[in-house]
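Written out below as structure tokens is the structure these notes cover.
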Amino acid sequence: DPHDIAVLYFEDQSPKQDLGYVADGLTEGLISALGSVPGLSVVSKGGVGQFRGGKVSRDSIARALQVGTLVMGSVEPENDSIRVTVRILDDAGTELDKATFKKPGTDLIALSDSLSQEVAGLIRRRVGVEAQLRKTRLGTGNTEAWAMYQRALQARRRGDSLFKAGDAAGFTAAYRAADSTALLAARLDGKWPDPIVLRGELDYWISRRASDDPGQAIAAIDSGMARAAEALALDKNDAAALELRGALEYWKYLNPFEPDSARRQQLLTQGQADPEAATRLNPSAASAYAMLSHLYTRLPDKSMTDVLFAANKALDVDAYLSNADVVIYRLALGYYDLNQSADASKWCAEGRRRFPSDPLGTDYVAPFKS
């Protein structure tokens, strides 16, 4: 169906490969903007992220993501401006339409808005949907702050890749760079909570990965909680900040960091309330639904039906969220426990299709991933 769309990460075609953060920011802003258009189904950034680098053919990407339309693009410098080229392709990889435009390199927010306008026109011609994308919701009007934030996200991704590769020193250095760059973004726009939330998310993952150092884990949790409080002081209804606080509370509950039983129960209660509030404020908060699908197994007033509802919501919102393998396995086991064999078989088959090198019963049963 051409209404099913994947926006592939734009290519950085600068001679020194120093516009990657711009390319990533434009891509993710466009995914967010298109995702709000009625009549379109847009693959999340997690889904398209696995195809970065251009090593997989376009038609193979379309088949893997089950989409009928691909959006591709590139950014390159031109004197003091940045030129963006965007292309619309069908599921066979055939180019159907394209547009090129440029904006001053000092006005990246205008660049993002122009991209939305151009893509809206291409989408209209391709699928006939009236895509109103006049403004992408970047969260800040400060171009410098936006650029710093994108650089911080880039450093975080680099750190995550290094951790997976077993490079602990590289991971630590990349996360430190991400934190210091996010701090600069926060100082450039003191009313923008996103860089503060990012710093808290870095703390969360440092605590998760400090398995052999409880002291470091506790310090990272406390730091993350302070970041969440700082972001919520700017906006008490910031869904991402609420989700962050809930994740830290639940993570602290799951580990022997808090010996007092009453305090542990308080952590669980608040760990439930925060992601639930996040999903009410942002129904697209897939990772919050995924966390709740695990947390509900700890609550006596919640049933397997509640667990399955939250897990289904997580995948409905984002089929490619980072812990999709665990959520799918949770669905398979949950339906099996309820003697609903057809649904259990469906999710077993989906797990094997999506994760053929990760058979059910191995990595699927990790106790908690978020």
Side-chain angles (χ1 to χ4, degrees), residues 1-14 17 19-35 37 40-76 84-99 112 115-116 118-119 122-123 126-127 136 150 153-165 174 284 286-287 314-328 350-358 363 369:
D1 187 338
H3 296 80
D4 296 332
I5 297 174
V7 182
L8 304 184
Y9 272 89
F10 283 26
E11 296 178 9
D12 173 11
Q13 294 187 345
S14 59
Q17 294 287 288
L19 289 178
Y21 70 97
V22 176
D24 287 358
L26 292 177
T27 305
E28 293 174 7
L30 183 57
I31 290 171
S32 177
L34 281 172
V37 176
L40 297 181
S41 176
V42 183
V43 175
S44 69
K45 62 184 180 181
V48 296
Q50 59 189 308
F51 299 108
R52 297 171 74 115
K55 296 180 181 179
V56 181
S57 67
R58 298 166 181 175
D59 60 328
S60 295
I61 294 173
R63 282 197 302 274
L65 297 176
Q66 300 179 326
V67 297
T69 301
L70 296 173
V71 180
M72 302 181 69
S74 61
V75 298
E76 57 187 318
V84 177
T85 301
V86 59
R87 296 177 171 83
I88 300 287
L89 303 89
D90 65 14
D91 57 343
T94 304
E95 184 176 306
L96 303 175
D97 209 346
K98 78 172 184 177
S112 184
L115 174 62
S116 291
E118 296 293 340
V119 171
L122 298 179
I123 292 293
R126 164 69 169 146
V127 299
T136 50
Q150 296 303 325
L153 288 174
Q154 191 177 48
R156 176 193 176 168
R157 293 188 192 100
R158 185 166 61 251
D160 291 338
S161 297
L162 290 167
F163 181 82
K164 289 177 182 177
S284 298
S287 54
L315 293 177
D316 284 345
V317 171
D318 184 0
Y320 298 94
L321 76 166
S322 60
N323 60 334
D325 56 343
V326 175
V327 177
I328 288 172
E350 179 65 7
R352 294 189 192 99
R353 183 187 75 82
R354 287 275 306 278
F355 308 101
S357 61
D358 183 18
D363 226 17
K369 287 186 179 181

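To the nearest 0.5 Å, atom CD of residue Glu350 and atom CZ of residue Arg353 are 4.0 Å apart. Ile31 CD1 to Leu8 CG: the interatomic distance, rounded to the nearest 0.5 Å, is 8.5 Å. Taking NZ of Lys45 as the start and CD of Glu28 as the end, the distance is 4.5 Å to the nearest 0.5 Å. Once rounded to the nearest 0.5 Å, the distance linking CG of Leu115 with CG of Leu26 reads 5.5 Å. Considering NZ of Lys98 and CD1 of Ile88, their distance stands at 13.0 Å, rounded to 0.5 Å. Between the OG atom in Ser284 and the CG atom in Asp318 there is a gap of 9.5 Å [rounded to 0.5 Å].
Within the 4.5 Å cutoff, the side chain of Ile5 has heavy atoms near those of the Ile123 side chain.
Take Gln66 and apply the side-chain hydrogen bond (donor to acceptor under 3.5 Å, both in side chains) test, not counting sequence neighbours, and it matches no residue. Taking the ring pair (Phe, Tyr, Trp, His ring centres under 6.0 Å) definition, one finds that Phe163 meets it with Phe171, sequence neighbours left out. For Asp97, the salt bridge (charged side-chain N to carboxylate O under 4.0 Å, His left out) test picks out Arg125, with sequence neighbours left out. Listed by chain and number, the residues in a side-chain hydrogen bond (donor to acceptor under 3.5 Å, both in side chains) with Tyr21 are Arg151 (sequence neighbours excluded). Under the rule for a side-chain hydrogen bond (donor to acceptor under 3.5 Å, both in side chains), the partners of Glu11 that lie at least two apart in sequence or sit in another chain are Gln13. Under the salt bridge (charged side-chain N to carboxylate O under 4.0 Å, His left out) criterion, Asp160 pairs with Arg156, Arg209, not counting sequence neighbours. With sequence neighbours excluded, no residue satisfies side-chain hydrogen bond (donor to acceptor under 3.5 Å, both in side chains) with Arg58. Partners of Ser14 according to the side-chain contact (heavy atoms from CB on, under 4.5 Å) rule, which considers only residues two or more places apart in sequence or in another chain, are Asp12, Asp18, Leu19, Pro77. Scored by the side-chain contact (heavy atoms from CB on, under 4.5 Å) test, Ala319 finds Arg354 as partners (sequence neighbours excluded). For Asp59, the salt bridge (charged side-chain N to carboxylate O under 4.0 Å, His left out) partners two or more places apart in sequence, or in a different chain, are Arg63. Checked against side-chain contact (heavy atoms from CB on, under 4.5 Å), Ser161 has no partners two or more places apart in sequence or in another chain.
Of the possible polar contacts, one joining the Thr69 side chain to the Pro2 backbone as a donor-acceptor pair under 3.5 Å is found.
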Output a table of donor-acceptor pairs, distance under 3.5 Å, between side-chain atoms of residues 47-55 and any protein atom two or more places apart or on a different chain; print 'none' if there are none.
residue: Gln50; atom: NE2; partner: Gly47; partner atom: O; Å: 2.8
residue: Arg52; atom: NH2; partner: Asp24; partner atom: OD1; Å: 3.0
residue: Arg52; atom: NH2; partner: Asp24; partner atom: OD2; Å: 2.9

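Contact record, Leu96 with Leu89: CD1-C, 4.2 Å, taken as the closest heavy-atom pair. The heavy-atom pair separating Thr27 from Phe10 by the smallest distance is OG1-N, 3.0 Å. In plain terms, the two heavy atoms of Leu315 and Ala324 that are nearest each other are CD2-CB, 4.1 Å. Summarising the geometry of Ser44 relative to Tyr320, their closest heavy-atom pair is OG-CB, 3.8 Å, with the distance given to 0.1 Å. Here the closest non-hydrogen pair linking Asp90 and Leu70 is O-CD1, 4.3 Å.
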